[in-house]
Amino acid sequence: MNDPTGAAPLLELRDLTKRYGGIHALRGASLTISRPGVVHGLIGENGSGKSTMLGILSGQVEPDSGSIGIGGEPVQFHRPLEAIAQGIAMVSQETALAPALTVAENILLGSRLVGGRFGIDWSATRARAAEVLDRLRLPIDPEQLTGSLSPDRQQMVEIARALSMDARVLILDEPTSSLTDDQVGVLFRTIETLKAQGVSVVFVSHRLGEMFAIVDELTVLRDGRTVAEGPMAEFDVHRIVDEMVGRQGAWAEHAGLERDFSRAAGEPPALAVEGLEVPGVIRGASFEVGRGEIVGIAGLVGSGRSELLEAIFGARAIGAGEILLAGSPYRPKQPRAAITRRIGYLPPDRKVRGLVLGRSVRDNLTMAVTAFLWRLLPYRKSRTAPIVDRVMRTMRVRAASPDVAVGTLSGGNQQKVALGKWLAVDSEVLLLDEPTRGVDVAAKAEIHGLLHEAAERGAALLVSSSENEELIELCDRILVLFRGEIIASVESKEATEAILGRYTGGHTTG
C-alpha cells in the first residue's frame with residue numbers, strides 16, 4: 001500500500017510484538033497508511049490484537065519489539081501525549097467526556113483552554129471551539145452542556161477535541177456501536193470532510209457494510225498477526241471472514257440456515273400481544289410470533305424497541321393490553337414470572353445486565369436454571385454439570401474450562417454465554433435486544449446460525465436491533481416501531497434497508 005509516487009507512507013507499524021505474561025497479544029503485526037486523507041480499516045476477531053495495536057499507536061501501550069514510522073521517520077511513544085504531539089489522536093469506543101461541562105470546555109479541556117490575564121478567557125475559548133466545529137461543519141453550540149447532546153453529537157465533540165490537537169491520524173474505535181443508521185450517516189459525512197482536509201482515519205468496526213461504505217485500505221488481524229492488507233477493492237465479504245477465521249469457506253459455515261417459515265395449521269402463536277400499552281412509551285402494540293419464527297423489531301433510538309421487550313419479560317410495568325403464551329393468558333409482574341413461563345431475555349448491555357463478569361462461565365450459564373435453587377449450592381453444581389457441557393458444546397463457547405471467569409472471554413464468547421443461559425432452560429420464547437452488539441463479524445455470523453437453530457427447534461424469537469441489515473438477514477418478518485406504535489410489518493424477503501429506513505423515520509407512504 002505504498003504511495004505510487006514513491007513517497008514514504010504517512011504511518012507505518014512494522015513487526016509489532018507484545019506479550020502479557022505467557023499470552024502473545026501481537027506476533028509481528030503490521031499496518032501501513034499510505035498517504036494523508038485515507039480511511040484505513042482494521043478488522044479481526046475479538047482477541048486478534050486490534051486493541052493492543054491501537055494502544056501502541058496511541059501511546060497507551062509500549063511494544064516489546066517492532067517499529068513505528070511517521071513520514072519515513074522512526075518514532076517511539078512512551079505515553080499518549082507523545083503520540084498526540086505527533087498528530088495521532090484516538091476516540092475510544094466508550095465516551096470520555098465530562099457531561100456537566102460545555103462543548104467548548106470538553107473540546108479544549110485542561111491546559112488547552114485559552115488563558116487570559118485574569119484566568120480563562122471564556123470568549124476566546126468558545127471562539128476557538130467554534131472554529132473546530134465549523135471545520136467539521138457541525139451546527140453545535142459551544143456553550144451547550146455536553147450531557148444534553150445525543151450520542152452521535154457527543155461523539156462529534158470527541159472528534160472535534162482530537163482535531164483541536166492538530167491530529168493528522170484519527171483513530172475511531174467502534175465509533176458506530178451505539179449509533180442509529182441515521183447517526184452513522186452523519187458520522188460518515190464527517191469522515192468524508194476530514195478526508196478532504198487531509199486527515200487520515202483508522203476505522204475499527206465489526207460491521208462489514210460500514211467497512212465497504214467508508215474504507216479505502218484494509219488490514220486484517222488474526223491471532224496477533226497481520227494476515228491480509230491492501231486496497232478495499234481487493235476484498236469481498238467472503239475473503240474478509242475467511243482471513244479472520246483462517247479457513248477458506250468459513251463464511252459459508254457460519255452464514256446461518258436457509259429458512260422458509262410457515263406456521264402449522266390451527267397452532268396458536270407462541271406469543272400473541274394485543275393492544276399492549278406501556279405508559280409513556282408503547283401505544284397499542286399488537287402482533288404475533290409463531291413457534292419457530294424469528295420476528296424482528298426495527299426502529300430509531302427512542303422508538304420503544306427495548307421497552308417493548310422489557311414489558312413482555314416483566315421488567316417494565318404494563319398499563320393495558322393482553323399477552324398470550326401458546327393461547328394462555330400471561331401478565332408478568334416481574335422477570336421471575338417470565339422465567340417460569342420459559343421466556344428468556346437477552347439485554348443489549350451484556351456486561352451490565354446480561355452477565356456477572358467476575359463469576360464463572362458455569363455460574364452464568366446456570367443462573368436461569370437455578371433461579372429457585374440458591375439454597376442448594378453444593379447440589380446445584382453436580383446436577384447442572386451435564387447442562388453446562390451441553391450448552392457449551394451447542395453454543396460453541398470457546399473457554400479453557402467452565403470454571404474460568406466469563407469476563408476473561410472474548411466479546412463473542414461472552415455473548416454466547418449470555419444467550420446460552422436461556423437456551424439451558426429450553427426457553428420457548430426468546431426476547432433478544434441487540435443480540436450481536438460488540439462482536440466481530442465471524443462471531444456475528446455464528447450467533448445468527450445459533451439463533452436459526454433455536455428457531456428450527458421450535459423457539460419463538462423476537463429480535464430488536466439498531467442494524468436494519470441484521471434484521472433483514474436474520475428474521476422472517478420485521479415490525480417497525482415509530483414513537484411507540486407499530487406502523488409496518490414487512491416480510492424480510494421484500495425488505496431493503498431503504499424501505500426500513502423510510503418506515504423507521506415515520507414515513508408510511510411514498
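Here, residue 1 is the first one in the sequence, and each next residue gets the next number.
Judged purely by distance below 3.5 Å, without hydrogens or angles, the side chains of Q144 and T102 never pair a donor atom with an acceptor atom. Judged by distance alone, the side chains of S48 and R222 never bring a donor and an acceptor atom under 3.5 Å apart. A donor atom on one side chain and an acceptor atom on the other are not found under 3.5 Å apart for E229 and S30. Remark: the T146 side chain and the Q154 side chain contain no N/O donor-acceptor pair separated by less than 3.5 Å.
At distances below 3.5 Å, at least one donor-acceptor pair connects side-chain atoms of S164 with backbone N or O atoms of I107. In this structure, the side chain of D349 does not engage the main chain of K351 through any donor-acceptor pair within 3.5 Å. Judged by distance alone, with hydrogens and angles left aside, the side-chain atoms of E485 form no donor-acceptor pair with the main-chain N or O of R283 at under 3.5 Å. When atom types are taken as modelled, the side chain of H40 and the backbone of S200 share no donor-acceptor pair closer than 3.5 angstrom. Formation of a donor-acceptor pair under 3.5 Å by the E82 side chain with backbone atoms of H78 is found in this model. Looking only at distances, a side-chain donor or acceptor of T190 sits under 3.5 Å from a matching main-chain atom of V186. With hydrogens and angles ignored, the 3.5 Å screen pairs a side-chain donor or acceptor of E434 with a backbone N or O of S466. Side chain of N413 to main chain of R398: a donor-acceptor pair is present (N/O by atom type, distance under 3.5 Å, no hydrogens or angles). Distance alone, capped at 3.5 Å, is enough to place a donor-acceptor pair between the R305 side chain and the G299 backbone. Without hydrogens or angle criteria, T176 side chain to V184 main chain gives no donor-acceptor distance under 3.5 Å.
Listed by chain and residue number, nothing satisfies the salt bridge (Lys or Arg N to Asp or Glu O under 4.0 Å) test with D15 (two or more places apart in sequence, or in another chain).
Here I499 contributes atom CD1 and T496 contributes atom OG1; the two are 3.5 Å apart, rounded to the nearest 0.5 Å. Separation of atoms CG (L108) and OG1 (T125) is listed at 6.0 Å; rounding is to 0.5 Å. If you take CD on E470 and OG1 on T436, they are separated by 3.5 Å, rounding to the nearest 0.5 Å. Remark: Q86 CD to R168 CZ distance equals 6.5 Å, nearest 0.5 Å. Atoms CG and CG, from L101 and N106 in turn, are 5.5 Å apart once rounded to the nearest 0.5 Å. Rounding to the nearest 0.5 Å places CG of L462 at 7.0 Å from CG of L479.
Looking at V204 and L54, their side chains come closer than 4.5 Å, going by heavy atoms from C-beta outward. Side-chain contact between R14 and S67 is present, with heavy atoms from C-beta onward closer than 4.5 Å. Inter-residue side-chain proximity for I240 and L208 is flagged as met; some heavy-atom pair is nearer than 4.5 Å. Within the 4.5 Å cutoff, no side-chain heavy atoms of V295 are placed close to those of D476. Put simply, the side chain of V202 does not reach to within 4.5 Å of the side chain of L170, judged on heavy atoms. Within the 4.5 Å cutoff, the side chain of L136 has heavy atoms near those of the L163 side chain. L481 has its side chain out of reach of I487: every pair of non-hydrogen atoms, C-beta onward, lies at least 4.5 Å apart. Proximity of L11 to L57: side-chain heavy atoms (C-beta onward) are separated by under 4.5 Å at one or more points.
Here the closest non-hydrogen pair linking I447 and G412 is CD1-O, 4.4 Å. In terms of heavy-atom proximity, S464 sits nearest to D433 at OG-OD1, 3.3 Å. Between L145 and A100, the shortest heavy-atom distance links the atoms CD2-O, 3.3 Å. For V361 against A399, the heavy-atom pair with the smallest separation is CG2-CB, 4.5 Å. Between V278 and A311, the closest heavy-atom pair is CG2-CB, 3.6 Å. Taking each heavy atom of I171 and S58 in turn, the nearest pair found is CD1-CB, 4.2 Å.
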Requested in this report: Please step through side chain to side chain contact (heavy atoms under 4.5 Å, CB included) for the pair H448 and E473, ending with a clear verdict.
Outcome: CA-CA 9 Å; H448 281 189; E473 177 182 328; 3.2 Å; yes

**Report entry** Step-by-step side chain to side chain contact (heavy atoms under 4.5 Å, CB included) determination, I68 to Q76
**Finding:** CA-CA 7 Å; I68 304 174; Q76 288 185 326; over 6 Å; no

**Report entry** Worked verdict on E192 versus F188 for side chain to side chain contact (heavy atoms under 4.5 Å, CB included)
**Finding:** CA-CA 6 Å; E192 292 292 348; F188 282 6; 5.6 Å; no

Query raised in the report: Hey, mind stepping through I191 and F203 against side chain to side chain contact (heavy atoms under 4.5 Å, CB included) and telling me if it holds?
Result: CA-CA 10 Å; I191 292 174; F203 185 84; 4.2 Å; yes

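The only option from L42, T52, I43 that meets the side-chain contact (heavy atoms from CB on, under 4.5 Å) definition with L221 turns out to be L42.
Between E131 and R128, no side-chain nitrogen of the basic residue sits less than 4.0 Å from a carboxylate oxygen of the acidic one, so the salt-bridge criterion is not met. The existence of a salt bridge linking R207 and E467 is confirmed by a sub-4.0 Å separation between a basic side-chain nitrogen and an acidic carboxylate oxygen. Ion pairing between R239 and E243 holds under the 4.0 Å rule for side-chain N and carboxylate O. A salt bridge links K18 with D64: the distance from a Lys NZ or Arg NE/NH1/NH2 to an Asp or Glu carboxylate oxygen falls below 4.0 Å. Using a 4.0 Å cut-off between charged side-chain N and carboxylate O, E45 and K50 make no salt bridge. A salt bridge links R353 with E310: the distance from a Lys NZ or Arg NE/NH1/NH2 to an Asp or Glu carboxylate oxygen falls below 4.0 Å.
Heavy-atom contacts from other residues, nucleotides or ligands closer than 6.0 Å to NZ of K195 number more than 12.
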